[in-house]
Amino acid sequence: MLLSLVDRLAPIFLLIAVGYLLVRRGILTPGGLDGLTKLAFWVLIPGTMFLTVSSIHVGEVLNLEVWGVYFGSIAVTALVIYAVLMLRPETGRAERIVLAFGAVYSNLAIVGIPVIGILFGDRGLVVLTALITIHAAALITPTVMLMEGTRRADGPRRSLLGALGNQLANPILLSIVVGLVVSGTGLPVPGWLQAFTGMLKAAMPAIALIIIGAGLHGQEIRGNVATSAVGVAGKMVLLPLVVFGVGSALGMTREVLAPLVVAAGLPPGINAVMMAAAYRTAIDRTSTMMLASTILSLVTIPLLALFLTA
């Protein structure tokens, strides 16, 4: 079992290291990294999601049990993080909201899809897809509403609609919706399209993991480290534990629970920093939380995988 896990994890670390070294040696430039990121976001990941979703039953993606366990655990964790941050006098209400959001918003796409795909295969990707379907809307909507409540009442509806509009135009979400339509209607997927999206799916993990490693180069710790550490602990330790506890208490099978727990233990997504930047609140602390969580995940994800596959 341990050797099997090492075989699955080793390529992840090697590809991350390759990305880091490519930037360090100047082989991959900032412009090249931006191009790779757009390639993954607009082509590789949508192709992977379409191929995965179109071949399964709709009920496996629109899964109320998965949503209840994961997002219920997120609500509990966010409240705990917010409460702990209240003990730190330097954080105001807006800062606490932004940091709590960043601490529960996982990078399910660029990091989650290759990692969970490698660890748990297509069954794990099905569980992950169920989360991605409503992840952004479920977290961004209440966060924007709470943040608007900290400001003058000069247009919360416009801010909320703008945030949701960006998500509706997300190519990853659109590919899932198209895949659900194909699956739900029973439309046959032409052989050439299966082959095309299959090639994209095969290329996606390597490109995505290289992007992660490349993104680590040149990053640095900024802002109040102690405050960021609260979010890091909540993201990398508390949230996976809560998901595991809730899922186990409800009798969820390990096949479903394992990818959920790993998803909970993924580092924060870029939307965490974008939320902080949009409201000009706790930008440095959120960036530090994201960087520290990404580095720490190189240790915690293997530990979670080892525990969950034991």
Side-chain angles (χ1 to χ4, degrees), residues 4-5 7-12 14-16 18-19 32-67 106-137 166-212 253 255-256 258-260 262-263 266 269 305 309:
S4 175
L5 184 61
D7 286 341
R8 283 178 283 169
L9 287 171
I12 295 175
L14 288 174
L15 286 165
I16 291 174
V18 166
L33 176 58
D34 181 61
L36 279 182
T37 303
K38 290 177 179 177
L39 173 66
F41 183 76
W42 286 96
V43 181
L44 300 181
I45 294 177
T48 300
M49 290 291 94
F50 171 80
L51 185 63
T52 301
V53 175
S54 62
S55 62
I56 61 175
H57 190 273
V58 174
E60 295 184 80
V61 175
L62 307 180
N63 192 318
L64 293 179
E65 181 186 31
V66 166
W67 291 348
S106 293
N107 192 335
L108 298 182
I110 295 292
V111 182
I113 293 174
V115 168
I116 288 179
I118 290 171
L119 289 175
F120 306 111
D122 285 345
R123 298 307 306 168
L125 285 178
V126 171
V127 175
L128 184 65
T129 302
L131 299 181
I132 293 175
T133 303
I134 64 169
H135 185 246
N166 290 336
Q167 294 305 315
L168 291 176
N170 186 311
I172 299 172
L173 184 58
L174 289 175
S175 68
I176 293 174
V177 172
V178 174
L180 287 172
V181 171
V182 171
S183 174
T185 58
L187 291 172
V189 180
W192 62 266
L193 184 55
Q194 289 188 27
F196 171 68
T197 52
M199 290 178 183
L200 296 180
K201 182 178 180 179
M204 184 275 300
I207 299 298
L209 292 169
I210 287 173
I211 290 170
I212 295 166
T253 65
E255 182 183 43
V256 176
L260 274 186
V262 173
L266 295 171
T309 57

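Throughout, numbering of the chain's residues begins at 1 and tracks the sequence. Remember, it's a predicted structure, so these values are computed and weren't measured experimentally.
- Between the side chain of Thr52 and the backbone N or O of Thr48, at least one donor-acceptor pair lies under 3.5 Å.
- Minimum interatomic distance between Pro114 and Met204 (heavy atoms only, all atoms of both residues): CD-SD, 4.0 Å.
- Remark: side-chain polar atoms of Ser106 are paired, donor with acceptor, to backbone N or O of Ala263 under 3.5 angstrom.
- Between Leu200 and Phe50 the shortest side-chain heavy-atom distance does not fall below 4.5 Å.
- Not counting sequence neighbours, the partners of Glu60 by the side-chain hydrogen bond (donor to acceptor under 3.5 Å, both in side chains) test are Arg123.
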Give the intermediate values and the outcome of side chain to side chain contact (heavy atoms under 4.5 Å, CB included) for residues Phe120 and Leu128.
-> CA-CA 10 Å; Phe120 306 111; Leu128 184 65; over 6 Å; no

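- No side-chain donor-acceptor contact under 3.5 Å links Trp42 to the backbone of Pro171.
- A distance of 10.0 Å separates CG of Leu51 from CG of Leu125, quoted to the nearest 0.5 Å.
- The minimum heavy-atom distance between Met49 and Ser175, with the atom names listed, is CB-OG, 3.4 Å.
- A 4.5 Å side-chain heavy-atom check between Leu62 and Leu180 finds at least one atom pair inside the cut-off.
- Here the options are Ile116, Leu108, Asn63, the test is side chain to side chain contact (heavy atoms under 4.5 Å, CB included), and the partner is Leu131; only Leu108 passes.
- For the residue pair Leu266 and Asn107, the shortest heavy atom distance occurs at CD1-O, 3.6 Å.
- Annotation for Thr197 and Gly47: closest pair CB-O, 3.7 Å, computed over non-hydrogen atoms.
- Looking at heavy atoms from C-beta onward, Thr133 lies out of side-chain contact with Val53 at the 4.5 angstrom threshold.
- Between Ile211 and Ala40 the shortest heavy-atom distance is CD1-CB, 3.8 Å.
- The distance from the CD atom of Glu65 to the CG atom of Leu260 is 9.0 Å, given to the nearest 0.5 Å.
- Of all heavy-atom pairs between Ala202 and Pro205, the closest is O-CD, 3.6 Å.
- Proximity of a side-chain donor or acceptor of Arg8 to a complementary backbone N or O of Ile118 within less than 3.5 Å is not detected.
- Counting heavy atoms from C-beta on, the side chains of Leu119 and Leu9 come closer than 4.5 Å.
- Atoms CG and CG, on Leu39 and Asp34 in that order, are 11.5 Å from each other to the nearest 0.5 Å.
- Rounded to the nearest 0.5 angstrom, Ile113 CD1 and Leu209 CG are separated by 11.0 Å.
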For Lys201 and Asp122, run side chain to side chain contact (heavy atoms under 4.5 Å, CB included): C-alpha distance rounded to whole Å, both residues' side-chain angles, the deciding distance at 0.1 Å, then the answer.
-> CA-CA 11 Å; Lys201 182 178 180 179; Asp122 285 345; 2.6 Å; yes

